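One structure below.
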Amino acid sequence: MLKEGVILGERYEIINRIGSGGMADVYKAMDHKLNRMVAVKVLKPEFREDKTFIAKFRTEAQAAAGLSHPNVVNVFDVGDDRGVYFIVMELVEGITLKDYINRKGKLSVKEATSIAIQVSMGLEAAHNRGIVHRDVKPQNIIISTDGKVKLSDFGIAKATSSNTISSNVMGSVHYSSPEQVRGGYSDYKSDIYSLGITIYEMVTGRVPFDGDTTVAIAIKHLQEEIEAPSKYTPNLPFALEQIILKCTQKSPDRRYKSMAELIEDLKRSLMDPNGNFVTLMPLSSHAQTVMVSQDELDRIRTGSAEAAARKEEQSQSPRYSKLEDDEEEEEYGEDEYDEEDYDDEYDDEDDDDDEESGGKMEKIVTIGGFVVAGVVICILIYVIAQAMGFVGGRDKEPDSSASPTSAPVSATPTPVDSDATSNTEEDLVTVPDLLNKTVEEATQTANALGLGVVSGGTEPSETIEEGKVCRQDVQPGTQVARNTQITYFVSAGSGKVQIPTGLAGQPRDAVQSSLASLGLSASFSEQFSDSVPEGNVITLEPGEGSTVEAGTTVTVVVSKGPEKAEEVTVPSVSGYSEEDARRILEDQDLKVATTTASSNKVGIGEVISQSPAGGTTVTVGSTVTLVINEEDAAAEPTTEPQGDATTAVWSCNKSLNKPENYEGGVIRLEVIQKINGSEQSVWSEDGMTLGDDKWPYPINIEWDAPSDASAEVYILISEMDSAGNYQAISKSSTFTADKS
């Protein structure tokens, strides 16, 4: 393990360890050259002298370094420094999809489909570069803190040439395709099968095939039909179920032809969830049992037994830290690499050229050698067992004093309950008591006995302190096969949890996820808010920081955004008395302001004009200014003092655009007309503050001026300064006023 502060390649400063796998440790580091945080995968010391492992390590980097895609964890650099081999990768802050599923139980259809699309896009980029991942599973899918989904750990991927290759890589057996289990042809359609199993788990909260041992699960992939996911999620849309079933066809030819085709159907399922657009063989035939020969079955079992033996041998070394698949998934999604996988895969790589030139004859000779060796071994076992008296006559009883290693050997295949061909007493271990231990202590205790552990999540406990194991799925003292995986549950304390602070202002879904992870339910209500964006949380009840019982329902108030102001159409009140006009406008929840002018068209005290004009739509509470006639122009016709021209009624109807330099202050509008050679203000309206929604501002007015005045007028806009005086800020273009 590298110490903090160590610098690799004169560039990468180790900060701390964030993950560990069977082959490598992952560290958070600072790239001093580019001044950014990165993840550095460092080969473990026990493997640095092994050329096979080093080749594996470099090939992993070469396979992943060719990829650059938003949905793939990018590889930046690879190198070695003083015997330390390392890969520099993108640092992704977040959790694995496996942990996310464990927290939520089941994902919503929309969320699962979105994740599946992003993973498919990452796989599509890999396939386009001739790279098959071969270990697609939730543990290798990371959901970053910003919600982006990234596919990680191309640890057992291999770049394919134009000729397809075979591989004995098993990956993780829960998600392995039938062809991977059988050790045969494996290509991008194997990734499609594994992704289908992953989608199945997202929407149901469980894997379709499970068992006590990897061999038992592998055989189910080969021989059992997959149960329809709608059995566990009754409301699952028809289209998504058909997509899952097509991905998990046992025959690769019946699966999707490419990731692009799968992505297209996934996107379409969001728009047409109940559509029947997925081309799929009938359920009765889509997962027909694959007939496995006895020779194939023996090879599967033997492979698992050899892998278990290797792990047991290595676990005796104080430098070897045994990790089970799926159990030590930390922040970066690092996973264990099975030593057998390395040997098998790189034996394949070293022999690729030979395979191309050797043809089928070499394969036949190799398989024949295995068969002969197997027969010889079986004969020797039988002869030795018979000589020692463990097999023979039916009536012969075994010696009760025989040692644990002298259990009878059965030549007939029996139901598989361990990774070995059959269980002897030596294969069985006693499950230890993990209660009241920390996760680290429980892991070490189980690993020392050849057992794996996996987290089942947290749950309240009145007797076990928070952070320690409070329950295990297999009771202490139980005899189980070596390499059995024990699920443990960590105490969340006495059943009381504290509502986190900082939830107010976050999106609704994020708050719901945070509460769910604490075992709390959420009840939602909505209200308008001018300060909190629509869809984000305003408040919680009980409030942030409150301590409540697990299972408590928290009322979450979500913002509907600003309340839209109610609008109303301004009535036309020209010709009405001031009293009647005021009553009509106030009945519409409008405010009224008045000014005076003279007109011979209406009686004294009646409305000459209004602003805004009748028929204009305004916000409830807006002010309508009325121009009231202050003298009887009809009884005493007026003339302008300048010249002998008779007074006429002028009018205009115009929309006024907002001045560029208007900053929202109080303004005055004036109509400027040239009379007897000089410009005069013939109409005005002041005391107004107009928001952005009031522009363009309608002008529909009348005024009295000499009939021989200029018909060309313009509107002057002035804004009140800090001293209360109006200063001109803009004027409209000149336009023609009407005269009557």
Side-chain angles (χ1 to χ4, degrees), residues 528-531 534 561-574 576 578 581-597 599 607-629 650-673 679-705 712-738:
F528 292 107
S529 173
D530 293 330
S531 58
E534 183 178 358
E563 185 175 7
K564 294 182 179 179
E566 186 179 352
E567 296 182 335
V568 64
T569 301
V570 177
S572 177
V573 293
S574 296
Y576 284 80
E578 178 182 354
R582 185 181 293 275
R583 175 179 54 78
I584 292 171
L585 294 172
E586 289 177 347
D587 284 346
Q588 298 295 320
D589 293 327
L590 296 170
K591 298 176 182 178
V592 178
T594 60
T595 184
T596 59
S599 174
V607 177
I608 300 173
S609 62
Q610 66 185 78
S611 180
T616 304
T617 300
V618 298
T619 303
V620 170
S622 298
T623 298
V624 178
T625 301
L626 303 178
V627 180
I628 308 298
N629 188 18
W650 297 82
S651 63
C652 73
N653 187 350
K654 183 176 178 61
S655 292
L656 196 63
N657 291 325
K658 176 184 175 182
E660 292 183 358
N661 56 345
Y662 175 53
E663 298 180 353
V666 179
I667 61 173
R668 177 171 65 193
L669 307 179
E670 295 179 272
V671 175
I672 306 299
Q673 187 175 26
E679 292 186 344
Q680 300 181 26
S681 174
V682 294
W683 174 92
S684 67
E685 181 176 10
D686 57 17
M688 297 182 296
T689 301
L690 302 179
D692 290 342
D693 59 333
K694 297 297 188 296
W695 302 92
Y697 186 71
I699 302 293
N700 185 9
I701 57 173
E702 294 179 343
W703 69 92
D704 293 330
E712 300 299 320
V713 300
Y714 64 86
I715 298 175
L716 182 68
I717 305 175
S718 302
E719 185 173 12
M720 183 182 291
D721 59 19
S722 58
N725 300 316
Y726 285 103
Q727 302 293 332
I729 61 173
S730 177
K731 68 178 182 178
S732 71
S733 57
T734 302
F735 58 93
T736 302
D738 296 325

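The structure presented is a predicted model; accordingly, all values stated were derived computationally and were not measured. No hydrogens, no waters, no symmetry mates; every other heavy atom, side chains included, goes into these values.
Between Lys591 atom NZ and Ser622 atom OG the span is 8.5 Å, to the nearest 0.5 Å. Rounding to the nearest 0.5 Å gives a distance of 7.0 Å between CG of Asp686 and CE of Met720. For the atom pair Glu702 CD and Asn653 CG, the distance stands at 10.5 Å (nearest 0.5 Å). Note that CG of Asn661 and CD1 of Ile729 are 5.0 Å apart. Values are rounded to the nearest 0.5 Å. With rounding to the nearest 0.5 Å, the separation of SG in Cys652 from CD in Gln673 is 10.0 Å.
Under the 4.5 Å side-chain criterion, counting only non-hydrogen atoms from C-beta, Leu669 is in contact with Leu656. Looking at Trp703 and Val713, their side chains come closer than 4.5 Å, going by heavy atoms from C-beta outward. Put simply, the side chain of Thr736 reaches to within 4.5 Å of the side chain of Glu712, judged on heavy atoms. Taking 4.5 Å as the limit, every side-chain heavy atom of Tyr662 sits out of range of all side-chain heavy atoms of Ile717. For the pair Lys658 and Pro696, the minimum side-chain heavy-atom distance is 4.5 Å or more. Between Val627 and Ile701, the closest side-chain pair of non-hydrogen atoms is not below 4.5 Å. Using a 4.5 Å heavy-atom threshold, the side chains of Val592 and Glu586 count as touching. Here the side chains of Ile715 and Ile699 are in contact, with some heavy-atom distance below 4.5 Å.
Shown here for Pro698 and Ser611, the closest heavy-atom pair between the two residues is O-OG, 4.1 Å. For the residue pair Gly665 and Glu719, the shortest heavy atom distance occurs at N-OE2, 3.1 Å. Closest heavy-atom contact between Leu690 and Tyr697: CD1-CD1, 3.7 Å. Of all heavy-atom pairs spanning Asn700 and Ser609, the tightest one is O-CB, 4.4 Å. Considering all non-hydrogen atoms of both residues, Ser684 and Glu670 come closest at CB-CG, 3.8 Å. The two residues Glu679 and Tyr714 make their nearest non-hydrogen contact at OE1-OH, 2.8 Å.
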Worked verdict on Thr619 versus Asp693 for side chain to side chain contact (heavy atoms under 4.5 Å, CB included): CA-CA 9 Å; Thr619 303; Asp693 59 333; 4.0 Å; yes

Step-by-step side chain to side chain contact (heavy atoms under 4.5 Å, CB included) determination, Leu590 to Val570: CA-CA 8 Å; Leu590 296 170; Val570 177; 4.2 Å; yes

Side chain to side chain donor-acceptor pair (under 3.5 Å) between Glu685 and Thr625, worked out: CA-CA 8 Å; Glu685 181 176 10; Thr625 301; 2.8 Å; yes

Criterion side chain to side chain contact (heavy atoms under 4.5 Å, CB included) on Thr617 and Val568, from CA distance to verdict: CA-CA 6 Å; Thr617 300; Val568 64; over 6 Å; no

Side chain to side chain donor-acceptor pair (under 3.5 Å) between Tyr576 and Gln610, worked out: CA-CA 11 Å; Tyr576 284 80; Gln610 66 185 78; over 6 Å; no

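Here the rule is side chain to side chain contact (heavy atoms under 4.5 Å, CB included) with Leu626, and of Ile608, Thr596, Val607, Thr595 only Val607 fits it.
A donor-acceptor contact shorter than 3.5 Å is absent between the side chain of Asp589 and the backbone of Val620.
No more than 12 heavy atoms of other residues, nucleotides or ligands shown are found within 6.0 angstrom of CG on Asp692.
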